[in-house]
J.: 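I have a structure I would like to understand better, so I am pasting it below and will then ask my questions one at a time.
Computed over heavy atoms, backbone and side chain alike; hydrogens, waters and symmetry mates excluded. Quick note on labels: first sequence line is chain A, next is B, and so on, each numbered from 1.
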Amino acid sequence: MLDISLIRESPEVVKESMRRRQMDATAVDEVRTLDEQWRDVLTEGNRLRHRKNVLADEIKELRKQGKDISEKIEESKALPQKIRDLEEKERDLKSQIQQLMLQIPNLLHESVPDGLDDTENEEVKRWGTLKEYDFELKSHVDIMEALDLLDTERAGKVAGSRFFYLKNEAVLLDMALIHVALQHMRSKRFNLMETPYMLNRKSVEGCVDMSAFEDVLYKIDGEDLYLTATSEHTLAAYHMDEILEEEVLPLRYAGFSACFRKEAGAHGKDTKGVFRAHQFNKVEQFVFCTPQQSWDEHESLVQNAEEIFQKLELPYRVVNVCTGDLGGVAAKKYDIEAWMPKQETFREVVSCSNCTDYQARELNVRYRTSEGNEFVHTLNSTALATSRALVAIFENFQQEDGSVIVPKVLRDLVGCDVITPQ
RNA sequence: GCCGAGGUGGCCCAGUCUGGUACGGCGCAGGCCUGCUAAGUCUGUGGGCGCAAGCCCUCCAGGGUUCAAAUCCCUGCCUCGGCGCCA
């Protein structure tokens, strides 16, 4: 969430940012009204608690002198109930304010383009040449099934729709992609992490707007645990409630985990294959840094992800995500979209966000400066999600005879140059 | 899962039995001292409200007892050690 002092002192700045996001900004004024009430209640509560402390002190003194304390005790006895009432009022106001604050998104970076939805994202870069194919292209599902690399039908029986079994070379490809991504990140001196696949509610709430995300997460029955939707969350929560030394920043992590998502509301979209599934593997980049560092770090993250797709020889473009498509936590976001020749379009394979201090305030991750403790900036970016990369590889590297060329960088790890029908 | 020991400011730790509002050290920042360095010494060092003076909160979390809780009682969570189980 935002710093409430920003809403107190510069409400217009916050409102303007919300308007650019096509959002109704009335929550800002509601917060300001409730905040004033909250401060009044807080001040009154403090006054009563002060009186209580003074009385306790006086009682101690009088008792020491052997004097009568019954009058003081009588006054003191009346206070706790009054204080409790005020505390309840205060908690109530505070939670109303929190609720509203969660609806107020991060301040936009000035370079974010205005727009209603993903069609108005701004293309900032293209890489690679789009190959010409002189035969009828097949979908990744058709290719993979023909090569005995994928079984979604039995996955449906065993787990349900939107699950899949990878088979044979596809398993090796999946592992190879992870390996290449992790090695790339290690060469950039990122700390590699294999993270927990589950995390508790507090950790998730630190990372996302739970009211919007609850539908996406798998909950473990009877436990305070959720299956991780992305290692962004386990990495973000890694330093939760910590105060970091300024000289250790930026802290750069690359986390690997499986990711589990209900994908609620995605009915009818990409229902076949591995593009949009309930479970996939992903290497994620995550950075904790100072406000001075974060915009440079943001460019580095997208650069790192680009380099991986360059190694894989997959053509892509980078878009600067527009205001309407941005999401509340990010101040700015780049997507990398790989070219999918069968679908004849670019599809999102990487999402790279600078969340500035918005997420850190929730997670309570600070760093020490000579002027006091400040919230860090957090950034996250896909390095590589195997499911989406697989789709791109099978679409781009398919050949007329149904075989698929393995990108050079993966060949040693997969153990062949071409995957051919058996 | 069982038994035991713990959880105190950025870190380490005292205080808990015997209730009166957190001791000391380290680190960090600043001042003083010094030819320089080291040492020494003083002040500050979490969150909130307030223009300010100042006040409130904070001893894992949540309840309870009490005029008053780090301290007593109950519940829960977590960590460490031992035992059991185990890929």
Side-chain angles (χ1 to χ4, degrees), chain A residues 1-10 31-98 100-101 194-206 219-226 234 237-251 257-258 288-290 357 360-376:
Chain A
M1 65 174 65
L2 291 178
D3 185 350
I4 192 155
S5 63
L6 191 67
I7 290 166
R8 283 179 196 146
E9 289 157 21
S10 318
V31 166
R32 293 177 72 205
T33 308
L34 289 168
D35 181 51
E36 265 175 50
Q37 293 173 23
W38 174 77
R39 280 183 286 173
D40 288 346
V41 170
L42 190 71
T43 304
E44 178 62 9
N46 282 349
R47 197 183 63 78
L48 292 182
R49 273 186 290 269
H50 178 56
R51 182 65 191 152
K52 184 184 98 166
N53 289 341
V54 168
L55 283 171
D57 233 31
E58 289 176 358
I59 289 165
K60 184 173 69 169
E61 278 308 308
L62 289 173
R63 170 174 282 171
K64 210 186 280 177
Q65 295 165 18
K67 292 186 179 160
D68 178 42
I69 55 173
S70 56
E71 200 177 307
K72 298 287 182 190
I73 286 183
E74 198 173 327
E75 184 186 349
S76 196
K77 271 190 168 174
L79 284 174
Q81 190 52 50
K82 289 182 189 165
I83 292 172
R84 262 197 294 274
D85 290 347
L86 280 171
E87 279 175 347
E88 197 187 322
K89 215 184 272 182
E90 191 242 305
R91 266 199 302 273
D92 185 49
L93 284 164
K94 191 82 197 166
S95 90
Q96 285 184 54
I97 292 168
Q98 297 286 107
L100 285 165
M101 291 282 288
E194 186 164 333
T195 80
Y197 284 17
M198 301 178 206
L199 70 173
N200 56 35
R201 186 175 180 100
K202 185 184 178 216
S203 300
V204 188
E205 280 180 334
K219 173 96 174 70
I220 304 295
D221 191 30
E223 309 241 10
D224 177 26
L225 283 173
Y226 295 81
T234 45
Y238 186 68
H239 288 298
M240 182 165 61
D241 294 326
E242 291 186 20
I243 300 176
L244 306 168
E245 298 299 332
E246 185 168 6
E247 58 267 24
V248 308
L249 301 175
L251 272 174
S257 82
F288 300 86
C289 67
T290 67
D357 60 1
R361 190 167 289 108
E362 211 84 4
L363 287 164
N364 191 28
V365 183
R366 292 169 292 171
Y367 71 103
R368 204 186 314 281
T369 74
S370 47
E371 286 89 47
N373 299 328
E374 303 285 339
F375 289 106
V376 299

J.: Assess whether a salt bridge exists between A/Lys77 and A/Glu74, defined as any Lys/Arg side-chain N lying under 4.0 Å from an Asp/Glu carboxylate O.
T.: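 A salt bridge is absent here (no side-chain N lies under 4.0 Å from a carboxylate O).
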J.: Does any N or O donor sit under 3.5 Å from an N or O acceptor when you compare the side chain of A/Arg63 with the base of B/rG20?
T.: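 For A/Arg63, whose side chain was compared with the base of B/rG20, there is a donor-acceptor pair (under 3.5 Å).
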J.: Under 4.0 Å, heavy atoms only, any strand: does A/Arg47 hit a base, just the sugar-phosphate, or nothing?
T.: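 The answer is nothing, as A/Arg47 stays clear of every strand by at least 4.0 Å.
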J.: Could you identify the nucleotide paired to B/rA29, looking across every strand shown and requiring Watson-Crick or G-U wobble geometry with both distances under 3.5 Å?
T.: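 Partner of B/rA29: B/rU43.
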J.: Check the distance between B/rC49's P and A/Glu90's CD and give it to me in whole angstrom.
T.: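 In whole Å, B/rC49 P and A/Glu90 CD are 11 Å from each other.
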J.: Show every salt bridge (Lys or Arg N to Asp or Glu O under 4.0 Å) that has at least one partner inside residues 86-98 of chain A, sequence neighbours left out.
T.: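 For residues 86-98 of chain A, and leaving out neighbouring residues, the salt bridge (Lys or Arg N to Asp or Glu O under 4.0 Å) pairs sorted by first residue read A/Arg49-A/Glu87.
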J.: Check the phosphate of B/rU21 against A/Lys52, side-chain N and O only, distance under 4.0 Å to OP1 or OP2. Yes or no?
T.: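 Negative; the distance criterion is not met.
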J.: What nucleic acid atoms does A/Lys77 come within less than 4.0 Å of, heavy atoms only: base, sugar-phosphate, or nothing?
T.: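 Sugar-phosphate contact only.
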J.: Can you tell me the distance, in whole Å, between the CD1 atom of A/Ile69 and the C1' atom of B/rG20?
T.: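 Interatomic distance, CD1 of A/Ile69 to C1' of B/rG20: 12 Å.
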J.: Go ahead and name the base partner of B/rU65; Watson-Crick or wobble counts if both distances stay under 3.5 Å, otherwise write none.
T.: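 With both distances under 3.5 Å required, B/rU65 matches none.
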J.: Write down the partner of B/rG6 under the Watson-Crick or G-U wobble criteria, each distance required to be under 3.5 Å.
T.: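 Its partner is B/rC78 (Watson-Crick or G-U wobble, both distances under 3.5 Å).
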J.: Give the rounded distance in Å between these two atoms: CD of A/Glu245 and P of B/rA29.
T.: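 Atom CD in A/Glu245 sits about 10 Å away from atom P in B/rA29.
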J.: Is there side-chain contact between A/Leu62 and A/Glu71, with at least one heavy-atom pair below 4.5 Å?
T.: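 Answer no - side chains too far apart.
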J.: Between A/Arg8 and B/rC49, is there a contact of a side-chain N or O with OP1 or OP2 at under 4.0 Å?
T.: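 Yes, within the criterion.
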J.: Strictly below 4.0 Å: does A/His50 bring a side-chain N or O up to OP1 or OP2 of B/rC56?
T.: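 True: A/His50 side-chain N/O within range (under 4.0 Å) of B/rC56 OP1/OP2.
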J.: Taking a pair as Watson-Crick or G-U wobble with both distances under 3.5 Å, which nucleotide is matched to B/rC55?
T.: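 B/rG48 is the nucleotide pairing with B/rC55.
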J.: Using a 4.0 Å heavy-atom cut-off across all strands, classify A/Ile59 as base, sugar-phosphate, or nothing.
T.: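 The residue A/Ile59 makes base contact.
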J.: From CE of A/Met240 over to P of B/rA61, roughly how many Å is that when rounded to an integer?
T.: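 A/Met240 atom CE is separated from B/rA61 atom P by 15 Å.
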J.: Quick one: which of A/Thr290, A/Ile243, A/Leu249 gives a side chain to side chain contact (heavy atoms under 4.5 Å, CB included) with A/Val376?
T.: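 Of the listed residues A/Thr290, A/Ile243, A/Leu249, the side chain to side chain contact (heavy atoms under 4.5 Å, CB included) partner of A/Val376 is A/Leu249.
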J.: Quick one: A/Asn46 CG to B/rG47 P, roughly how many Å, whole number?
T.: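 Answer to the nearest Å: 17 Å.
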J.: Can a side chain N or O of A/Asn53 be found less than 4.0 Å away from OP1 or OP2 on B/rC57?
T.: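 Looking at the OP1 and OP2 atoms of B/rC57, one of them is under 4.0 Å from a side-chain N or O of A/Asn53.
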J.: Taking any heavy-atom pair under 4.0 Å as a contact, classify A/Arg51: base, sugar-phosphate, or nothing.
T.: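 No contact.
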